[in-house]
Amino acid sequence: MSTLKQVPGLGIARLDGGGLAYRLADPVTTDDVVGLARQQWCRRLEVCDASSDGQRPAQFRAVCELDGDPFVLVGRIGEGA
């Protein structure tokens, strides 16, 4: 299993320490997340809002499949992306 994955439109994601998901290093915009939901290779998408106290950023988790390879993609959502 490769530790890096090229995700179309979002860049390179790295396998997290537990080997459970690929994580994008930089936050993505809300438009990027909306675009991800429209991709045929994105099977399921969950979005969590940021906490009201600012301790937890907005995040997403997507179940994806590229070239027959299923994987989980996670990342932060932020307009500074």
Side-chain angles (χ1 to χ4, degrees):
M1 176 182 275
S2 174
T3 59
L4 299 176
K5 182 167 290 295
Q6 178 65 41
V7 182
L10 297 177
I12 296 177
R14 181 177 301 276
L15 195 60
D16 70 8
L20 300 176
Y22 286 88
R23 180 173 299 279
L24 293 168
D26 297 321
V28 297
T29 66
T30 53
D31 289 341
D32 289 334
V33 176
V34 169
L36 179 61
R38 294 181 178 145
Q39 298 298 321
Q40 291 182 358
W41 48 266
C42 181
R43 306 286 186 230
R44 183 177 188 173
L45 178 65
E46 298 172 359
V47 176
C48 296
D49 290 339
S51 62
S52 60
D53 61 6
Q55 295 295 315
R56 188 188 73 240
Q59 303 176 69
F60 74 91
R61 181 173 194 247
V63 176
C64 306
E65 184 176 339
L66 285 172
D67 301 323
D69 180 29
F71 64 98
V72 175
L73 179 67
V74 295
R76 294 170 292 151
I77 304 168
E79 293 305 321

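For the single chain, residues carry numbers from 1 onward in sequence order.
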- Query: Any idea which heavy atoms bring I77 and T29 closest together, and the distance?
  - Reply: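 Taking every non-hydrogen atom into account, CG2-C, 4.3 Å.
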- Message: Between D69 and L66 (side chain of the first, backbone of the second, donor and acceptor by atom type, cut-off under 3.5 Å), is there such a pair?
- Response: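 No.
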- Query: Would you say the side-chain atoms of R43 pair up with the backbone N or O of A62, donor to acceptor, closer than 3.5 Å?
  - Reply: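 No; judged by distance alone, with no hydrogens or angles, the pair does not exist.
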- Query: If you look only at pairs with a residue in residues 6-20, which of them pass as a side chain to side chain donor-acceptor pair (under 3.5 Å), with sequence neighbours excluded?
  - Reply: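 Listed once each, the pairs would be none.
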- Query: According to the side chain to side chain donor-acceptor pair (under 3.5 Å) rule, which pairs have a member within residues 52-68, sequence neighbours left out?
  - Reply: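 Pairs touching residues 52-68 that pass the test: S51-D53.
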- Item | ring pair (Phe, Tyr, Trp, His ring centres under 6.0 Å) contacts touching residues 38-58 (sequence neighbours left out) |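 Sorted pair list comes back empty.
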- Item | Qualifying ring pair (Phe, Tyr, Trp, His ring centres under 6.0 Å) pairs, either residue in residues 43-76, two or more places apart |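 For residues 43-76: Y22-F71.
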- Task: For R38, check salt bridge (charged side-chain N to carboxylate O under 4.0 Å, His left out) against everything at least two apart and list the hits.
- Result: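 By the salt bridge (charged side-chain N to carboxylate O under 4.0 Å, His left out) rule, R38 matches no residue at all.
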- Query: Got a second to check how far D26's CG is from R76's CZ, nearest 0.5 Å?
  - Reply: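 Going from CG on D26 over to CZ on R76, the span is 7.0 Å.
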- Other than V72, which residues form its hydrophobic cluster under the rule that side-chain heavy atoms must be closer than 4.5 Å?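 V72 clusters with V74.
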